[in-house]
J.: 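Structure provided below as structure tokens; questions to follow.
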Amino acid sequence: MTVFDLIIDYIKSGRIRLDRRRFNVRATYHDPCNYGRRAQKRFGHGYFEEPRWIMDQCLDDWIDLHPNRLHQICCGGGGGALATGYDEERIFHGRRKMDQIRATGAQMLILPCHSCHGQLNGIKTTYEMEDLTVKYLWELVADCLVR
Amino acid sequence: MAPDQPVRLENLNPACCTAWLHEQDLCLTCAMCASACPVAGVDDFDPRKMVRMVSLGMVDQVVRSRWPWICTMCGKCEQVCPMGVGIADITRRIRSLRDDNRVPGILHKGLAAALETGNNLSLPKEDFIFILEDVAEEIAEEPGFEGFGVPIDKTGARLLTTIHNKLVNTHTEDLKPWWKIFHAAGEDWTVASDNWEGTSWGYFTGDDEAMKIMAGRIVENMRRLEVDTLLWPE
């Protein structure tokens, strides 16, 4: 079961309730290559709409990066790049992603991938975006839980 | 490869890789891939160059180059390829041809540790359980989570979840979100105390056999614990 299907199931069945007013900041969403473009090619289904639906349940103000979905730009940390030691090249790889994020004016970046999280949280200082909050999609959901 | 040395076609073996199912011989050399690639030009390399070198039989040179490890296999190249060449799969295939002891960084070390011990860190079972229970105690101190505990090796639970090794290493705080969601949803869940590793670095090194072993262990955990649903967030 994917992280998206499980969270959507919890929300739709009423097993969890979410408060959309927890975060009073603009957010944006990053499509990881393997959940999106590569899954589309390999399995015939890219997880593009599911995370966006979850974002809608958690946030009033979020906007997409451009380009997105199939045409998304890689964070630069995937494919094992965080563990090769080629750090200079990896940080360079992320430059276009950081430009995309900056262009939205978002203060919070949501994503559902450990590699993307490690990469973008790690390089934000290099690109003078240290105030950007980088959050897992499931962390956003946990933060918005109504108890 | 010295850039000033001419490459003579008669010395190459273009038939070397015709058995690969990545359609590299269909390449029209249009360079759409190179235009789409975020690291085209790094190391004087790009996806088109890699595809053409494989097609011409210059595989050894590509295997020796760093570029296939700087490429993240993001798939932008093959998304725009008019001929459907499996460029990211070629990168992975090239990676698989590196000797294990020449794989860059900690990728092979982590994978070897996982195959030997069940996780990339070679973390002993007692330490793993200690960390999980320690984090669970912290959650139980938060309002709304009184009595929270982590169900390790619970037989007959509905859902088994894997764990990314960094969450029991440098990022233990990041264990909490999923556990809080499970608690709020009233989920019947469990974690296995052996072979809990969610990452599978054979994906990165092009080692299909290692991936099969890692996935097989997770399936074995599901059988042993009689769990029918798997959450594998890695």
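Worth knowing before you read on, the calculation uses all heavy atoms, side chains too, and leaves out hydrogens, waters and symmetry mates. Numbers restart at 1 for each chain; the letters A, B, ... are given by sequence-line order, proteins then strands.
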J.: Heavy-atom pairs under 4.5 Å with chain A: which of B:Ala185, B:Gly105, B:Ala36 has the most?
T.: B:Ala185
J.: Sort A:Gln40 into side chain, backbone, both or neither according to what part of it lies under 4.5 angstrom from a heavy atom of chain B.
T.: neither
J.: Measure the shortest side-chain to side-chain distance between A:Tyr136 and B:Pro177 over non-hydrogen atoms and say whether it is less than 4.5 angstrom.
T.: no
J.: Could you tell me whether B:Lys176 and A:Glu139 have a side-chain N and a carboxylate O separated by less than 4.0 Å?
T.: no
J.: So which part of A:Leu145 gets closer than 4.5 Å to some heavy atom of chain B, the side chain, the backbone, both or neither?
T.: side chain
J.: Are B:Lys76 and A:Cys74 side-chain neighbours, meaning at least one heavy-atom pair lies under 4.5 Å?
T.: no
J.: Taking A:Ala81, A:Ser115, A:Ala83 one by one, which has the highest count of heavy-atom pairs under 4.5 Å against chain B?
T.: A:Ala83
J.: Looking at A:Asn34, A:Asp5, A:Leu82, which has the largest count of heavy-atom pairs under 4.5 Å with chain B?
T.: A:Asn34
J.: Less than 4.5 Å apart, side chain to side chain, heavy atoms only: is that true for A:His93 and B:Thr72?
T.: yes
J.: Is B:Arg92 close to chain A through its backbone or its side chain, or both, or neither, when contacts mean heavy atoms under 4.5 Å?
T.: neither
J.: Should the pair B:Asp89-A:Arg38 be classified as a salt bridge under the 4.0 Å nitrogen-to-oxygen rule?
T.: yes
J.: Of all of B:Gln79, B:Lys180, B:His183, B:His171, which one pairs up most often with chain A through heavy atoms under 4.5 Å apart?
T.: B:Gln79
J.: Does any heavy atom of chain A fall under 4.5 Å from the side chain of B:Lys166, the backbone, both, or neither of them?
T.: side chain
J.: So what's closer than 4.5 Å to chain B heavy atoms on A:Lys41: side chain, backbone, both or neither?
T.: side chain
J.: List the atom of A:Gly79, the atom of B:Phe204, and the distance in Å for their closest heavy-atom pair.
T.: C-CD2, 3.3 Å
J.: Non-hydrogen atoms of chain A under 4.5 Å away: do they reach the side chain of B:Trp201, the backbone, both or neither?
T.: side chain
J.: Which atoms of A:Ser13 come close to chain B, meaning under 4.5 Å heavy atom to heavy atom: side chain ones, backbone ones, both, or neither?
T.: neither
J.: Could you check whether B:Glu187 pairs with A:Arg15 (Lys NZ or Arg NE/NH1/NH2 to Asp/Glu carboxylate O, under 4.0 Å)?
T.: yes
J.: Answer whether the closest heavy-atom distance between the side chains of B:Arg66 and A:Thr84 falls below 4.5 Å.
T.: no
J.: Non-hydrogen atoms of chain B under 4.5 Å away: do they reach the side chain of A:Arg17, the backbone, both or neither?
T.: neither
J.: Is any side-chain heavy atom of A:Arg147 less than 4.5 Å from a side-chain heavy atom of B:Phe145?
T.: yes
J.: Taking the inter-plane angle between the rings of B:Phe182 and A:Tyr10 on a 0 to 90° scale, is it parallel (under 30°), tilted (30 to 60°) or perpendicular (over 60°)?
T.: perpendicular
J.: Considering only heavy atoms and a distance below 4.5 Å, find which of B:Ala184, B:Cys71, B:Gly186, B:Gly198 pairs most often with chain A.
T.: B:Ala184
J.: Checking A:Arg96 against chain B: side chain, backbone, both or neither under 4.5 Å from a heavy atom?
T.: side chain
J.: Go through A:Gly80, A:Cys33, A:Gly85 and name the one with the most non-hydrogen pairs under 4.5 angstrom from chain B.
T.: A:Gly80
J.: Would a 4.5 Å heavy-atom cut-off, applied to side chains only, mark B:Leu159 and A:Leu6 as touching?
T.: yes
J.: So which of A:Arg90, A:His71, A:His117 has the biggest tally of heavy-atom pairs under 4.5 Å with chain B?
T.: A:His71
J.: Check whether any side-chain heavy atom of A:Ile7 sits under 4.5 Å from a side-chain heavy atom of B:Trp178, and report yes or no.
T.: yes
